[in-house]
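Only one structure is covered here, and it is reproduced in the block below.
Proteins get letters first, then strands, A, B, ... in listed order; numbering begins at 1 in each.
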Amino acid sequence: MSIGGTYDPKSIEPDIYAMWEKDGAFHAEPRPGRQPFSIVIPPPNVTGALHLGHAINNTLQDILIRRARMQGYDTCWLPGTDHAGIATQAVVERRLRQEQGWRRDPHNPEHREFLVGKIREWKDEYEKRILDQLRRMGCSCDWQRTRFTLDEQCAKAVYELFFRLFKDGLIYRGKRLVNWDCELQTAVADDEVYHETVMGHLWHVRYPILAENVGVPPATPGGTGVPPVTAADALRRATGPDSMLGRDFLVVATTRPETMLADTAVAVHPDDARYQHLIGRQVLLPLMNRPIPVIADGELVNPEFGTGCVKVTPGHDPNDYACWQRHQGRPDEFGIIDLFTPDGKINENGVGDLRTIPGSTGVPPVTQGSVGVPPASTFNYTGLPRQEARKRVVADLEALGLLEKIEPYETDIGHSDRSKTPIEPLRSEQWFVRTAELCENGRQLKPGLAEMARDAVRDGRVKFFPERFAKSYLDWLGEKRDWCISRQLWWGHRIPVWQITVGGYRYATGGKSIGEIRQAVVSSVARAIQGFYDALDRFATVFGIKGQLVAMPSGKGETVLYVCAATEIAQRVLEAFYRRHHRTRFAATGDRDPATEPDLPYHSERYNVDQELGRTIAVMSERDPDVLDTWFSSALWPLSTFGWPGEQRSGSANQGAGKGSGSASARPLIPEARSPSDLEYFFPTNVLSTARDIISLWVARMVMVSTYLTGRVPFQHVCIHPTIQDEHGRRMSKSAGNGVDPLDLIEMYGADAMRFTLASLAGETQDVRVPVRPMKLDDGRVVNTSERFELGRNFCNKLWQAATGFVIPNLRHEGTQARRHEGRDEATKGRRDQRLALEDRWILSRLRACIVECDRRLDHYQYSDYANTLYSFFWSDFCDWYVELVKPRLYEGHTGVSPATDRSLTVAAQPDRRSDGAPPVRRDEGTDGPEDAGQDSAETARRVLAYVLDRTLRLLHPVVPFITERLWQLLNDAAPARGLATGDAAAPLLIRAEWPDASELADDPEAEAEIAALQQVIRGIREIRTHVNTTRAAAKQTALRTLPRAVVRTDVRTAALLTHSLAALKRLSQCEEFEVGPDAAKPADAMSKILTGIEVFVPVAGLVDLGVERKRLEKERADLLAYIQRVEGKLSNESFVAKAPPQVVETERARLAELRDKLAKIDDGMRELCG
RNA sequence: GGGCGUUUAGCUCAGUUGGCUAGAGCGCAUCCUUCACACGGAUGAGGUCGCAGGUUCGAGUCCUGCAACGCCCACCA
């Protein structure tokens, strides 16, 4: 051990970590009758390496884990990573595209295999890096339990959850408007969309008003007697010189003109007088030449904005979609048209031919082409990319004279977080989880997932720290939005569902009535379904997967079913079943050879029972190609990682392959004889520590899933840590160039320094700012770091210096004696034998307060207060004062500070429950005088030094584990036994040592007050010395290292205290001689410091010009006087005296007396100075 | 637009249920290479606590309004 060397983290960190791992300190097994403490790591995405946000979160978790371990819990911190479906796939795909020009073909199974392989390579690389980063940070994770969201164990849980939700009717498939990423060709969640303000335009377009509604009801030729108005007429009138708004045309404003091709209505506000007369009429959709209705919608339309008319494109705009939904089933309902292909091009609906447009009102084409206007059929945008289509549409409108004006307009465009391309809202079939309660006829059948999760927080089973974050959790869940769980990706858990389509073909109508035919079809469909079920059931029985399959109606009528498999085995069996039987008919009638039957179309929606009748068969389609949303597996993380659902499924009873019914089965009881499983022991976890931006995405979903599956919450406490920003309050990110790699910080400052700084940043605010600076590392690399981390580095160095440079050498120096002492200690056990000096009692009292404070702060997840408490205890109390006070006893054989109120230590007689620490000790009123020789005093000082360092290392270990563990080794070498009063051996490894117990120490207010007085005197003399030296420097005189003499006038008791601690007093105040006493005479030509009840005088004749002293006293007097006036003002205020609590008034009075006394003494001094 | 948070020393932040002259670290100034530590020690300067009202004997702290900044959610064609 070198003395005086700067702490070098790099030289110890790897060895220390290896030692912990070798010792198995991170791993815990369930043990009956013990207390577990568990945390599951928020699994970092394998998208990339860890950043500072991960660093702070994992530091905090490690603090909790290490403390719990020291407190004696069976502690498990479960590590792992998240596959992060869309994010990872996007990164890898982008790379493949850039490097090899590779593009994914969604329908090519080979592509699927190739890409998933590539992503897995990426994952392997980054998972390794991430786990290595955690190790370098010192995280004490239970590596044996490392999990990955796509591994077999997690997948098992995912499929089981899907199966149960599916069986309970909580998962459904529906066509909804989703955020579509045209680049990645997948739906993305709302929270994966960010908005970017871009400068765009607002195009104002005229929509010609039709003189007469067409098509609804179908115009019978010649029926109305009024000739239908042609498109040409309408256009001509709308663009003519005397055309009139509201009579001949309407104007709509749009930021996305290309979507007008899919307009199905124009909306106005119901109360808007300008357009009242048009509600219910039709306008002609330009380019498409489609009549669309004018509807009233108070929610969609703001009459103040734009023209007050809104084009309605329900297929591609969320608001319009909502409007469309509102109007469904009403007399003014209108259609919906999908316009885009998955890769963002205009589909076949971008042609101006009415009859080809599904969802249109089926109107015959309006006559066209007679007035020089291009016929509608020439407007064909099919195949154009969105941007191109926009240009063409605008140009065409312009050519038609329908473009009223173009305004510049600032608008927010949704972008995909992953591909950074604009989002296209479009309709798509997706799987959803229902979160609202299930009701029938107004009666609640099942409680909703959202409500169950809200209850868990409302009734306190889950608590947030800080508390306020519960609100955003409750608010978000209150919306009960359904959760879109399918993604059109390949990197993830594939949806375990096969579709069964029941359809008919070659039907003969042979003279039957429509009613008879319909009847026959219905029963034949039912028989076909039954046939399918029977076949599937037989298959399931053969393969032993009964109960692992369930079929449910799709909600699309009786001809489509979904079959879901609960396990990967069942999935494989189903896949085999599909391969073998998808061409087989499960026919209700007939007995044709299946091999000769042609395949039926995948969808049989167009099947029309009114026209034909034939045989009905069930056809199975391939497995749903989509994968599950990443959060679906994340929601299971606390359960899946500990092994849920366990073994319960194998050998479970037949739940029937038929129609799913019944709720999730209760968890089986565990036989008491065997030791608990991981799940039983470590679940629910104690704490979840995470960032606030995923409270809804992740925290809420974990609670939903856990309560649904087990009836229990996944964690008791949710701890939200602050977000780290750069000095300008910006988020840190690689792309912004302000990202900081934890490994660079470790390289530069050491892991402990980083951890300590991060902990000291983690208060209860939601943001903390860290200035980011590029700095050069030793190896020449320039990386982002922050000087903020010098805080931790300096503290670690101080700790290192104090321990290896002072405390331990002093123990080691007397090593033989320390061992002798152990022997003697045995012999004298239970007898008073150690005299604690005042500073010993003081530091032990301070230590006690420090332990209490650390516990209180950590119990409330107030990490910064915990770190700061230790910082000031160790640096200020221990190093600055205790160590300095104790030096005379060690170096010069002084007896230490032993005032009249000396106390001794009594050793408790009973055996200690601890194996590695000190026993509970009690103080006793001692009456003995301070007669101990210096030898004993030095011995006591060493014991206290060792003891306080021991406890400090324990307290600090959770936040700075490496350095404390190393110092623990050194301390063990120097003082293997270091209980305060007995010689019990310390634990070999700090990581397993016991957490300090404040109750073994006593609060000692008397010692605190006395040391405070001592400190005041020392500070007073230091101040005078500095003042003298400053003055001398100004006069170009050399500085004085020490003052020759000081006189202290104070009461008998304080005088005794100062006298007894003379050596320390001289040393700390750098003053050579003292005169102390109640009657000490003030020397002439002295500088003075007036304290409460203590006057300090330093004769400075010949040292410095006394003129400056008067100025100094004058200023002090002025300050004092101002203060006195304030207090006087308070006390002369009658209502203060009358209304304030008596003790407050009393305090003020006492203060006033004190201040006046001081003032008088200062006045005395000034009189003398003036002569 | 809704919600949450922040605003205290040059910078980054503490400041408990209102009650001793508002604190810390960094930075700054002066002095000190004295035998653990210059990644150190000593001393000091520096703050009308965002603004305006209110409650109270008393407000950095509680209430109202305003402003700036940040985050989350929802987003008007």
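A:Leu300 comes within 4.0 angstrom of a nucleotide base, judged by non-hydrogen atoms across all strands. Nucleic acid contact class of A:Arg856 (heavy atoms, under 4.0 Å, all strands): base. If you check every strand for non-hydrogen atoms under 4.0 Å, A:Arg256 touches nothing. Nucleic acid contact class of A:Pro771 (heavy atoms, under 4.0 Å, all strands): none. Counting any heavy atom pair closer than 4.0 Å across all strands shown, A:Gly200 reaches no nucleic acid atom. Base contact: A:Cys879 has a heavy atom under 4.0 Å from a base atom. Residue A:Thr1147 is out of contact with every strand shown, counting any heavy-atom pair closer than 4.0 Å. Looking at heavy-atom distances under 4.0 Å, A:Ser472 makes no contact with the nucleic acid at all. Here A:Ala802 lies in heavy-atom contact (under 4.0 Å) with a base. Looking at heavy-atom distances under 4.0 Å, A:Gln1070 makes contact with a base. Within 4.0 Å of A:Glu1023, counting heavy atoms only, lie sugar-phosphate atoms of the nucleic acid but no base atom.
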(message) Let's test your reading of the pairing rules: Watson-Crick or G-U wobble, both distances under 3.5 Å, then write RNA chain B as a dot-bracket string with ( ), [ ], | and dots.
(response) (((((((..((((.....[...)))).(((((.......))))).....(((((..]....))))))))))))....
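Side-chain proximity of A:Glu884 to the nucleotides B:rC69, B:rA36, B:rA77 is greatest for B:rA36. Picking from B:rA77, B:rC57, B:rA36 the nucleotide with the shortest atom distance to the side chain of A:Lys798 gives B:rA36. Comparing atom distances between the A:Arg1151 side chain and each of B:rC57, B:rC31, B:rC20 picks out B:rC20 as nearest. The nucleotide whose nearest atom lies closest to any side-chain atom of A:Trp875 is, among B:rU43, B:rG41, B:rC37, B:rG41. Of the candidates B:rU21, B:rG3, B:rU33, B:rG3 carries the atom nearest the A:Asp475 side chain, counting heavy atoms from C-beta on. Here the side chain of A:Asn302 is nearest to one of B:rU43, B:rC76, B:rC31, namely B:rC76. Checking B:rU21, B:rA42, B:rC31 against the side-chain heavy atoms of A:Leu1120 singles out B:rU21 as nearest.
Both A:Leu1155 and A:Tyr871 lie near RNA chain B, and the one whose nearest nucleotide falls closer to the 5' end is A:Leu1155. Between A:Leu202 and A:Val883, the residue anchored closer to the 5' end of RNA chain B is A:Val883, taking for each the nucleotide with the nearest heavy atom.
Side-chain atoms of A:Ser1132 and A:Lys1130 form no donor-acceptor pair, as typed in the model, at a separation below 3.5 Å. Side chain to side chain, A:Glu1072 and A:Thr1042 meet the donor-acceptor criterion of an N or O pair below 3.5 Å.
With both ends at atom C1', the span from B:rA77 to B:rC72 equals 26 Å, rounded to whole Å. Here, B:rA59 and B:rG54 have their C1' atoms 11 Å apart, quoted to the whole Å. Across the C1' atoms, B:rA67 and B:rC31 are found 45 Å apart, a figure rounded to whole Å. Between B:rA9 and B:rG46, the two P atoms lie 14 Å apart (nearest whole Å). For B:rG18 and B:rG25, the P atoms lie 28 Å apart once the distance is rounded to whole Å. The same atom, P, is picked in B:rG5 and in B:rC62; the two are 11 Å apart, to the nearest Å. Straight-line distance between the P atoms of B:rU64 and B:rU6: roughly 15 Å, to the nearest whole Å. Here, B:rG50 and B:rG70 have their C1' atoms 15 Å apart, quoted to the whole Å.
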(request) For A:Glu1023 and A:Arg1019, run salt bridge (charged side-chain N to carboxylate O under 4.0 Å, His left out): C-alpha distance rounded to whole Å, both residues' side-chain angles, the deciding distance at 0.1 Å, then the answer. (result) CA-CA 6 Å; A:Glu1023 189 187 322; A:Arg1019 287 196 174 113; over 6 Å; no
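Using a 4.0 Å cut-off between charged nitrogen and carboxylate oxygen, A:Asp767 and A:Arg692 count as a salt-bridge pair. In this structure, A:Asp272 pairs ionically with A:Arg274, as a charged nitrogen and a carboxylate oxygen lie closer than 4.0 Å. A:Arg1126 has no carboxylate O lying under 4.0 Å from a charged side-chain N of A:Glu1148, or vice versa, which leaves the two without a salt bridge. A:Glu853 has a carboxylate O that lies under 4.0 Å from a charged side-chain N of A:Arg857, or vice versa, which qualifies the two as a salt bridge. In summary, A:Lys405 and A:Glu407 engage in a salt bridge, as defined by a charged side-chain N under 4.0 Å from a carboxylate O.
Note on ring orientation: taking the six-membered ring where Trp is involved, the planes of A:Phe878 and A:Tyr882 are parallel (angle under 30°, cut-offs 30° and 60°). Taking the six-membered ring for Trp and thresholds of 30 and 60 degrees, A:Tyr7 and A:Trp800 have ring planes inclined between 30 and 60 degrees apart.
Contacts of residues 1126-1136 of chain A with RNA chain B (heavy atom under 4.0 Å): A:Arg1126, A:Asn1133, A:Ser1135, A:Phe1136.
A donor N or O paired with an acceptor N or O is not found under 3.5 Å between the base of B:rC4 and the side-chain atoms of A:Lys471. The base of B:rC4 lies outside donor-acceptor range of the side chain of A:Arg468, with no N or O pair under 3.5 Å.
The minimum heavy-atom distance linking A:Leu1068 with A:Arg1022 is given by the pair O-NE, 3.1 Å. What you find for A:Arg390 and A:Pro257 is that their closest heavy atoms are CG-CG, 3.8 Å.
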